[in-house]
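Lettering of chains follows the sequences in order, A, B, ..., and the numbering in each one begins at 1.
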Amino acid sequence: MYDHKKIEEKWRKYWESNQTFYCDTHDFQKPKFYALDMFPFPSGQGLHVGHPEGYTATDIISRMKRMQGYNVLHPMGWDAFGLPAEQYAIEHNEHPEISTRKNIAHFKKQIQALGMSIDWSKEISTIDPDYYKWTQWIFCRLFEHDLAYVADVPVNFCPELGTVLANEEVIDGKSERGGYPVIRMPMRQWMLKITSYADRLEKDLEGLNWPKSTIEMQRNWIGKSSGVEITFKVKGSGESFRVFTTRVDTLYGCTYCCLAPEHPLIPLLVGENEKKDVLSYLEEAKKKSDLLRTSLSKEKTGVPLGAYAINPINGKEIPIYVADYVLGSYGTGAVMAVPAHDQRDYEFAKAHHLPMIQVLEGDISSAAFEGDAPHIHSEEANGKGIAEAKAIITKKLVALGAGKEVINYKLRDWLFSRQRYWGEPIPVVQKKDGTSAILKDDELPLTLPELDQYAPTKDGKPPLSKAPDAWLHPVYEGEKVTRETNTMPQWAGSCWYYIRYIDPHNKNALADKKLLDHWLPVDLYIGGQEHAVLHLLYARFWHKFLYDIGVVSCKEPFQRLFHQGMILGANNEKMSKSRGNVVNPDEIVETTGADSLRLFEMFAGPLSDSKPWSTEGLNGARRFIERSFRLIDGEEEKKRHSHTNSHELDYVYHSMVKKCTEDFESLDFNTAISSMMVFVNECYKAKTLYVPYLEGFTKIFSCICPFAGEEMWSLLGHDQTIAYETWPTYESDALIQRKVKIAIQVNGKVRDVVEVSPSATEEEVKSLAFQSEKVKPYLAEKTVRKCIYVPGKIMNLVVA
RNA sequence: GCCUAGGUGGCGGAAUGGUAGACGCAAGGGACUUAAAAUCCCUCGGGGGCAACUCCAUGUCGGUUCGAGUCCGAUCCUGGGCACCA
């Protein structure tokens, strides 16, 4: 009798009471396998029914790899800093340290209830000073290498609340809480120079076993584009400005230029008559958040600056405008406008009645022509296509000293500081002379001070600015200094946790170099696609930096990446409290069992697809477990035999082993499970059951359903755990079928199916086909023009 | 608008260019049972036909091929991401 509660409790206790269970042995003789989950943020809601999906997948692979003789590292930890933890603490009026620890304990218990083969001796948490000591250490190294700097950058500031808000706390320009207006305001921030790594981050995407779409997203995010930077002189002043263009070939068609509202030259160049209009336009632009500025679709606004630029290619004077469709943060913050061949410029020119000069043949009566065509009105480039014209004009600009080829990136530097309490303190002090200095390594970790008031306060200053004087004003090299009061973002801790898992208790380094060289890179990383750019790009950036300073020896952290889909509600919508379709995993474990939950989530569909929750499907999974269980513990037990005499069972068993071995590797669990179901169905039909087949099945089964698997293994008479048994192998001979069915087609339509031996010749099959009563009518009074025979599959007779 | 992944029974989904619908769920029938549940077995895309059988079917329209869910070209729809990127 399958009693999930009894069985799961029994084996949970067995694993938990044995501290070395699933611990990797640092055995360098064995091949290694590092299976990593995106570690969870331990929210107050507890585990979601979506969490087990990815975790089960890495768990199945880990269990299979152990059986295949690998030394497996399969750890788990907690991404426990950050805004949501802080807000949860504020809401529950409990210090984040306390509430977060509680949530972690809850999460851990829930994950353990799911039977994950996790090495808990490697457990880490980003909020442990022993851990964030090394997060701070990495920051210090970045600082030393000029990759961390301070800048004034615009943030979302809400004057009413007096705090800086995260993007997700701002909705339509209003604060999420209270609905107060939010403005973009420059504030002193720590930045990390990820742009220095843009080129390598782009290049090294090549060769990663990652989903194509994720690689594409990172490529687009980095946004490499090559073009030309052109210098435009301003008429009647010594000033000049640069624009970046990917379409230098259209330079003869440039009829005006636009500066972003942030452009530093505006105050210097603005004409007396235009001053009022320009200033009020700048004021308006400031009020617009990036979101607002970019969502004002179609309508292109802007005002004339009252200054003129000289087109370096032909000396023509063209007006300069200020327009907020030009972004200060990309390129040079200025563009040359070619309305005939750029749609945005086209719309702006129409709205402001600016001239157009067509420089490529094509129709521009209703929209800009952006395709390739021979150039016109372009002097030396006339008659040439885009590529050739680019080369010609670039050459001329370079000769004139007015242009150079450059590579531009969309990627911006990483805003690394937060005006929050619940994050790693930035290990920096401000000296009296205004310079910043990092703490010495032996002063790390710089721990968070105890604060009564950790909530953001109305003056907009970080909570740490209210820390006790002893913390805030330490003595540094004999001088009384002020500590940095910003903290790090949640991304910081999650940038390198996969490194710490390898050697989590090391006091002298992030991790032992020899161990890092052994375990890295991560062999399989599973997590949601929502991290396709931010986390996965930041972590790659840090990893490359650590590579440069000799901490790690491989260039990329995650060799293979996979995104699991979402578990949707039964109504096919995203699970959420407000939709009332949330399923609680604790309840499922209680009523139906962790094994059923694991099996259901793996069988419901491809791992990467979103799939709806289904209570019927869960019951179906449970039925399969019971059915498998009864093969070993029930009436079917009597059929057990030490030899096999069923060819069908041989075939089905070995097919299953082959299918599971291959499909587990490619994470196609749904089809692997279906082959296991076929095997079990065949067992019920079989007269005898061959014991080694039952054992082989149980080994594979135990990867998906570890509790039931262990129990079945012991019912088969073993007193050792199944976890370190040897993975079953298949015999190719058993996969050769004695009879195969050949579909006989006439002109592509199936008319009969004949059974032959797999080695049957074309002539043999053809003669069977001609004898077939079902085929004959279609051949009557026709000639066979052609015969296509695919052994083991079909024969197609083409007649006319 | 751009990028990206998809559209297959009542449902979740299978299918190296080779018999579309594996496997599961739901449904129906049968066996067992005093009965129910559980279990085991069978049926199960649609139309037509008593039946043998036959026609239609993988969003839509074309194309390539002996043969297309699969490849190519259009087109419609859905999900995810990005969004004035010069």
Enquirer: Ignoring backbone atoms, test whether A/Lys774 places a side-chain nitrogen or oxygen under 4.0 Å from the OP1 or OP2 oxygen of B/C53.
Expert: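 Looking at the OP1 and OP2 atoms of B/C53, one of them is under 4.0 Å from a side-chain N or O of A/Lys774.
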Enquirer: Do A/Glu405 and A/Lys390 meet the salt-bridge criterion of a basic N to acidic O distance under 4.0 Å?
Expert: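 So A/Lys390 does not pair with A/Glu405 through a salt bridge.
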Enquirer: Of the nucleotides B/G18, B/C3, B/U19, which has the atom closest to the A/Asn220 side chain?
Expert: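 Given the options B/G18, B/C3, B/U19, the side chain of A/Asn220 is closest to B/C3.
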Enquirer: Nearest to the side chain of A/Phe244 - B/C23, B/A86, B/C55?
Expert: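 Closest nucleotide to the A/Phe244 side chain: B/A86.
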Enquirer: Just N and O in the side chain of A/Lys611: are any of them under 4.0 Å from OP1 or OP2 of B/G12?
Expert: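 No, no such contact exists.
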Enquirer: Within the pair A/Arg344 and B/C85, is there a side-chain N or O less than 4.0 Å away from OP1 or OP2?
Expert: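 So the side chain of A/Arg344 is within the cut-off, an N or O lying under 4.0 Å from OP1 or OP2 of B/C85.
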Enquirer: Whole Å only: how far is the CG atom of A/Asp668 from the C1' atom of B/A15?
Expert: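 Atom CG in A/Asp668 sits about 13 Å away from atom C1' in B/A15.
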Enquirer: Is any NZ, NE, NH1 or NH2 atom of the basic residue among A/Lys350 and A/Glu347 found under 4.0 Å from an Asp or Glu carboxylate oxygen of the other?
Expert: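 No, this pair does not count.
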Enquirer: Determine: side-chain N/O of A/Asn681 to OP1/OP2 of B/G24, distance under 4.0 Å, yes or no.
Expert: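 Yes, A/Asn681 has a side-chain N/O under 4.0 Å of OP1/OP2 on B/G24.
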Enquirer: Base, sugar-phosphate or nothing for A/Lys410? Non-hydrogen atoms, less than 4.0 Å.
Expert: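 A/Lys410: base contact, heavy atoms under 4.0 Å.
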Enquirer: Please report, rounded to the nearest Å, how far the P atom of B/G6 is from the CD atom of A/Gln529.
Expert: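 These atoms are roughly 12 Å apart.
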Enquirer: For A/Arg219, answer base if it contacts any base atom (sugar-phosphate contacts may also be present), sugar-phosphate if it contacts only those atoms, and nothing otherwise; contact means non-hydrogen atoms under 4.0 Å.
Expert: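 Nothing, no nucleic acid heavy atom in range.
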Enquirer: Counting side-chain heavy atoms from C-beta on, which of B/U19, B/U39, B/G67 comes nearest to A/Glu626?
Expert: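 Within the option list, the nearest is B/U39.
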Enquirer: In whole angstrom, give me the gap between the P atoms of B/C71 and B/U58.
Expert: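 Pairwise P distance, B/C71 against B/U58, rounds to 15 Å.
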Enquirer: Judged by each residue's nearest nucleotide on RNA chain B, which is more toward the 5′ side, A/Met217 or A/Ser213?
Expert: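 It is A/Ser213 whose nearest nucleotide is closer to the 5' end.
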Enquirer: Under 4.0 angstrom, heavy atoms only, what part of the nucleic acid is A/Gln745 near: base, sugar-phosphate, or nothing?
Expert: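 It contacts base atoms.
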Enquirer: Just how far, in rounded Å, is P of B/C25 from CG of A/Leu599?
Expert: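 Computing the A/Leu599:CG to B/C25:P distance gives 11 Å.
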Enquirer: Between atom NE2 in A/His563 and atom C1' in B/G81, what is the gap in whole Å?
Expert: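 Taking NE2 of A/His563 and C1' of B/G81, I get 11 Å after rounding.
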Enquirer: Check for me whether the distance between the ring centres of A/Trp210 and A/Phe562 falls short of 6.0 Å.
Expert: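 For A/Trp210 and A/Phe562, the ring centres are not under 6.0 Å apart.
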Enquirer: Of the nucleotides B/G13, B/C66, B/A86, which has the atom closest to the A/Lys786 side chain?
Expert: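 Closest nucleotide to the A/Lys786 side chain: B/C66.
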Enquirer: Does the cation-pi check pass for A/Arg627 over A/Tyr684, that is, NZ or CZ under 6.0 Å from the six-membered ring centre and within 45° of its axis?
Expert: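 Judged by the rule, A/Arg627 and A/Tyr684 form a cation-pi pair.
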Enquirer: Yes or no on side chain to side chain contact (heavy atoms under 4.5 Å, CB included) for A/Glu601 and A/Ile567, after CA distance, side-chain angles and deciding distance?
Expert: CA-CA 8 Å; A/Glu601 294 202 355; A/Ile567 302 285; 4.0 Å; yes
Enquirer: Side-chain N or O of A/Arg627 less than 4.0 angstrom from OP1 or OP2 on B/C40?
Expert: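 Affirmative; the distance criterion is met.
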Enquirer: For the pair made of CZ in A/Phe603 and C1' in B/G24, what is the distance, rounded to whole Å?
Expert: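 Those two atoms, CZ and C1', are 4 Å apart.
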Enquirer: Check the side chains of A/Asn311 and A/Tyr256 for a donor-acceptor pair under 3.5 angstrom, ignoring hydrogens and angles.
Expert: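 Looking only at side-chain atoms, A/Asn311 and A/Tyr256 do not form any donor-acceptor pair under 3.5 Å.
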Enquirer: Please tell me if A/Arg630 has a side-chain N or O lying less than 4.0 Å from either OP1 or OP2 of B/C40.
Expert: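 Yes, because at least one side-chain N or O of A/Arg630 sits under 4.0 Å from OP1 or OP2 of B/C40.
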Enquirer: B/C25 P sits how many Å from A/Ile673 CD1, rounded?
Expert: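 That distance rounds to 13 Å.
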Enquirer: For A/Glu216 and B/G81, what is the distance between atoms CD and P respectively, to the nearest whole Å?
Expert: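 Nearest whole value for this atom pair: 17 Å.
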Enquirer: Which value, rounded to the nearest 0.5 Å, describes the distance between A/Trp613 atom CH2 and A/Leu618 atom CG?
Expert: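 The CG atom of A/Leu618 is 4.5 Å from CH2 of A/Trp613, to the nearest 0.5 Å.
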Enquirer: Can A/Thr592 and A/His4 be counted as having a side-chain donor-acceptor contact under 3.5 angstrom?
Expert: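 A/His4 and A/Thr592 do not have a side-chain donor-acceptor pair below 3.5 Å.
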Enquirer: Taking atom P in both B/G9 and B/A22, what distance in whole Å separates the two?
Expert: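 Each nucleotide's P atom is 13 Å from the other's.
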Enquirer: Expressed as a whole number of Å, how far does the P atom of B/G17 sit from that of B/U70?
Expert: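 It works out to 11 Å between them.
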Enquirer: Expressed in angstrom and rounded to an integer, what is the separation of A/Ile625 atom CD1 from B/U39 atom P?
Expert: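 Result: 13 Å.
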Enquirer: Would you please indicate if the ring centroids of A/Tyr653 and A/Tyr730 are separated by under 6.0 Å?
Expert: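 Aromatic pair excluded; centres sit 6.0 Å or further apart.
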Enquirer: Ignoring backbone atoms, test whether A/Asn408 places a side-chain nitrogen or oxygen under 4.0 Å from the OP1 or OP2 oxygen of B/C85.
Expert: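 No, no such contact exists.
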Enquirer: In which stems does RNA chain B show up, taking only runs of three or more Watson-Crick or G-U wobble pairs whose two distances fall under 3.5 Å?
Expert: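 The stems that RNA chain B takes part in, listed by first number, are B:1-7 with B:76-82, B:10-12 with B:23-25, B:27-31 with B:39-43, B:45-48 with B:53-56, B:59-63 with B:71-75.
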Enquirer: Are A/Tyr778 and B/U54 close enough that a side-chain N or O sits under 4.0 Å from OP1 or OP2?
Expert: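 Yes, because at least one side-chain N or O of A/Tyr778 sits under 4.0 Å from OP1 or OP2 of B/U54.
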Enquirer: So, is A/Lys749 near the phosphate of B/C56, with a side-chain N or O under 4.0 Å from OP1 or OP2?
Expert: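 Result: yes.
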Enquirer: Where the side chain of A/Ser674 is concerned, which of B/A22, B/G18, B/U4 is the nearest nucleotide?
Expert: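 The nucleotide sitting nearest to the side chain is B/A22.
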